Amino acid sequence: MGTGLRGAATAVLAGAVLLATGCTSGADAPDGGEAGGSAASLEGLDAFTEQELRWGECDSGPAESECAVYEVPMDYGDPGGERVEIAVKRMPATGDEVIGSLLFNPGGPGGSGYDYVDHADFIAGESVRQRFDIVGFDPRGVGRSSPLVCLDAAELDEFLGNEAESVDGDGDMSELTEAGIADMEESSREFVEACRENAPELMLNMGTADVARDMDVLRALLGDEKLTYVGASYGTHIGAEYADQFPDRVRALVLDGAVDPSQEQLDLSVAQATGFETALRAFVEDCLGRQDCPLGGEDVEEAVTELDEFLAGTAAEPLANSMDDREINRPRTELGVLAALYSDSWWPRVREGLTDAMEEGDGTVLLQLGDELYSRSDRQSYENSTAALIAVNCSDSPSPRDVAAYVEAAEAAEEESPIFGASLAWGALPCAYWPEEAVDEGGPISAAGADPILVLGTTRDSATPYEWSVALAEQLESGFLVTRDGDGHTGYRMGDPCIDAIVDSYLVDLEVPEDGMACA
């Protein structure tokens, strides 16, 4: 799930995908089905399951990588209608005894599995690399696949950096004036209308249920009888949805840093506040023990208060920017600090950015960190990933249509996370205006009949609170929970050899550890 400041509601760092050799021989053709339910046969998919993946050179990545494009229906209820292109990349297995393909999704929504495969040696263990082709794809609407484009880059800069009027003028999103609320409503409506104008059909077909169907087409084209998959953060929703629709086609699924599909979007945004508050305090506690920490105070509480006061000051007096002409106001400063909460590997840079900002009034490093969080280094990718993020979130479960619900949610989230909570709640507001015909009913996922599914939760995960992994493992009929006691977002390949060994053995040998297994 994700960050949600000022409009976008999710950003994720983790995951990857790989696929094995083979085309369609011997693979089951995917069924269609009603969104969020069991698979039900749909006629007319032969044209998709009998495609040939024409592997060729990639436009980026390691020399050994191979790339292809395949097509899926825009609307699985009308497979003879408009089509969507899906871009896919694979890195061949390093050994001779290949089990098949291992698909990765890095989360988001909006994360590029296509690009993530470039880091195959980092995202998968050595034994996994030997036995699987690593495969990644850009989901529908994302990146190199048929993209959902709403705002252009300049408009999106304004959307993410727009600071609504607060009661005290400190940018506190939990205390907006009537004019500030009206501004939020107008901005959110404009975003949705831009999607409707630029991609009227695609915006109606961006839900995770369709992404899962697209992934089953890919499984068939790769020649794999069953799916082996690692999904991180939002990628866990894709994997759970796949297992629910195609339980008999599950070989091994690792759902790392889980989303709880039983919760609706606004509730998820509020619940996220607890995860970000836990991660913030872990960052601050670590910072206070270091010489280069710009925060003061005798304890974490005082340091967090100082940080909050600093952020409030950027609403009245934006920070200097030596990179471009954007105003580094509170929303953009918050984004930079938020980067620290995804991985402790980012902590040194965030300390550097805070030092520059608090001591010199220079917010450039914090601005760069926020850009990286939203993939702004490539303006085209930045523009598209945020559109995909909002579209998927708004499509996957119902959202309130009354702005009063968001006011109430912002107040509740602020109680859990005084700095980030209200922004997370208001970030879901575009969903109030999303076309109702595009919205899935949502609800718990059981995947009845699937082989054992590994759910991996990290105790101090920022973006996907540990409780969500517990909830998903309980919902899945065959789910079993593995716990990583640690910081940062997601658990696999995050530096814990105990966790990595469990995941690798499960993927390669289908070894299922005791439910509730924990690694410190």
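A quick note: this is a predicted structure, and the numbers were derived from the prediction, not measured. Just so you know, these numbers use all the heavy atoms, side chains as well, and skip hydrogens, waters and symmetry mates.
- Contact record, E334 with S423: OE1-OG, 3.4 Å, taken as the closest heavy-atom pair.
- Within the 3.5 Å criterion, the main-chain N or O of A432 finds a donor-acceptor partner in the side chain of R401.
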Show the numbers, then the answer: is there a side-chain contact (heavy atoms from CB on, under 4.5 Å) between S322 and T364?
CA-CA 6 Å; S322 61; T364 304; 2.9 Å; yes
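- By the side chain to side chain donor-acceptor pair (under 3.5 Å) test, D121 is found to be paired with R129, residues two or more places apart in sequence or in another chain being considered.
- Under the ring-ring contact (aromatic ring centres under 6.0 Å, His included) criterion, Y492 pairs with no residue at all, not counting sequence neighbours.
- Counting non-hydrogen atoms of neighbouring residues, nucleotides and ligands closer than 6.0 angstrom, the CD atom of Q291 reaches no more than 12 such neighbours.
- One distance of note links OG of S262 with CG of L472; it measures 9.0 Å at 0.5 Å rounding.
- The only option from S395, S397, P398, P400 that meets the side-chain contact (heavy atoms from CB on, under 4.5 Å) definition with Q265 turns out to be S397.
- Electrostatic pairing of R330 and D308 counts as a salt bridge here, judged by a charged N lying under 4.0 Å from a carboxylate O.
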Using the side-chain contact (heavy atoms from CB on, under 4.5 Å) rule, take Y114 and C67 through it: C-alpha gap first, then chi angles, then the decisive distance, then the call.
CA-CA 9 Å; Y114 182 104; C67 291; 3.1 Å; yes
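- With no hydrogens or angles considered, a side-chain donor-acceptor pair links Y234 and T208 at under 3.5 Å.
- Dense packing is recorded around CD of E155, with more than 12 heavy atoms of other residues, nucleotides or ligands lying under 6.0 Å away.
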Derivation and outcome, side-chain contact (heavy atoms from CB on, under 4.5 Å), residues L319 and D362
CA-CA 5 Å; L319 300 169; D362 186 348; over 6 Å; no
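- The nearest pair of heavy atoms linking G457 to S469 is CA-OG, 3.4 Å.
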Is there a side-chain contact (heavy atoms from CB on, under 4.5 Å) between F480 and M517? Walk through the geometry before answering.
CA-CA 9 Å; F480 62 95; M517 178 74 180; over 6 Å; no
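- By the neighbour-count criterion of 12 heavy atoms within 6.0 Å, atom CD of E408 is sparsely surrounded, having that number or fewer from other residues, nucleotides or ligands.
- Under the side chain to side chain contact (heavy atoms under 4.5 Å, CB included) criterion, D324 pairs with N321, R326, L367, R376, sequence neighbours left out.
- Checked by atom type, the side-chain pair S233/H489 shows a donor-acceptor distance below 3.5 Å.
- Atom CG of D396 is separated from atom CG of D440 by 6.5 Å, given to the nearest 0.5 angstrom.
- Checked against side chain to side chain contact (heavy atoms under 4.5 Å, CB included), V365 has the following partners two or more places apart in sequence or in another chain: E352, D356, Q368, L369.
- For Y242 and Y229, the distance between ring centers is not under 6.0 angstrom.
- Sorted by first and then second residue, the ring-ring contact (aromatic ring centres under 6.0 Å, His included) pairs with a member in residues 386-413 form an empty list; sequence neighbours excluded.
- To the nearest 0.5 Å, atom CD1 of residue I502 and atom CG of residue L454 are 8.0 Å apart.
- Ion pair E193/R196 flagged as a salt bridge, since at least one NZ, NE, NH1 or NH2 atom sits closer than 4.0 Å to an Asp/Glu carboxylate oxygen.
- For the pair Q475 and P261, the tightest heavy-atom approach, listed with the atom from each and the gap, is OE1-CG, 3.5 Å.
- The minimum heavy-atom distance between T464 and A258, with the atom names listed, is CB-O, 3.4 Å.
- In this structure, CG in L481 is found 13.0 Å from CD1 in I453, a value given to the nearest 0.5 Å.
- For Q263, the side chain to side chain contact (heavy atoms under 4.5 Å, CB included) test picks out D260, D267, L268, A271, W468, with sequence neighbours left out.
- Annotation: ring-ring contact (aromatic ring centres under 6.0 Å, His included) contacts of F310 (sequence neighbours excluded): none.
- Residues satisfying the side chain to side chain donor-acceptor pair (under 3.5 Å) test with S417, not counting sequence neighbours, are E277.
- With sequence neighbours left out, the side chain to side chain donor-acceptor pair (under 3.5 Å) criterion links D118 to K89.
- For P147, the side chain to side chain contact (heavy atoms under 4.5 Å, CB included) criterion is met by V149, N384, not counting sequence neighbours.
- L354 and P294 get closest at one heavy-atom pair: CB-CG, 3.7 Å.
- The side-chain hydrogen bond (donor to acceptor under 3.5 Å, both in side chains) pairs that include a residue from residues 294-304 are R281-E301, where partners are two or more places apart or lie in different chains.
- The shortest non-hydrogen separation linking G488 to T458 is O-CG2, 3.7 Å.
- No donor-acceptor distance shorter than 3.5 angstrom exists from the side chain of E85 to the backbone of S145, with no hydrogens or angles considered.
- Residue pairs meeting the disulfide bond (SG atoms under 2.5 Å apart) criterion with at least one partner in residues 255-340, sequence neighbours excluded, are C287-C293.
- For the pair R460 and D485, the salt-bridge criterion is met [side-chain N within less than 4.0 Å of a carboxylate O].
- Under the 4.0 Å criterion applied to side-chain N and carboxylate O atoms, R493 and D504 are not assigned as salt-bridge partners.
- Atom CZ of residue R140 and atom OG of residue S146 lie 9.0 Å apart, to the nearest 0.5 angstrom.
- With values rounded to the nearest 0.5 angstrom, E327 atom CD is found 9.5 Å from T333 atom OG1.
- Using modelled atom types, no side-chain atom of D344 and backbone atom of D487 make a donor-acceptor pair closer than 3.5 Å.
- With 3.5 Å as the limit, one finds no donor-acceptor pair spanning the side chains of D461 and Y342.
- Between the T236 side chain and the D256 main chain, no donor and acceptor come within less than 3.5 Å of each other.
- Under the 3.5 Å distance criterion, the side-chain polar atoms of S462 are left unmatched by any main-chain donor or acceptor of F276.
- No donor-acceptor pair under 3.5 Å is formed between the side chain of E416 and the backbone N or O of A273.
- For the 3.5 Å distance criterion, the side chains of T278 and Y466 fail to qualify, holding no donor opposite an acceptor.
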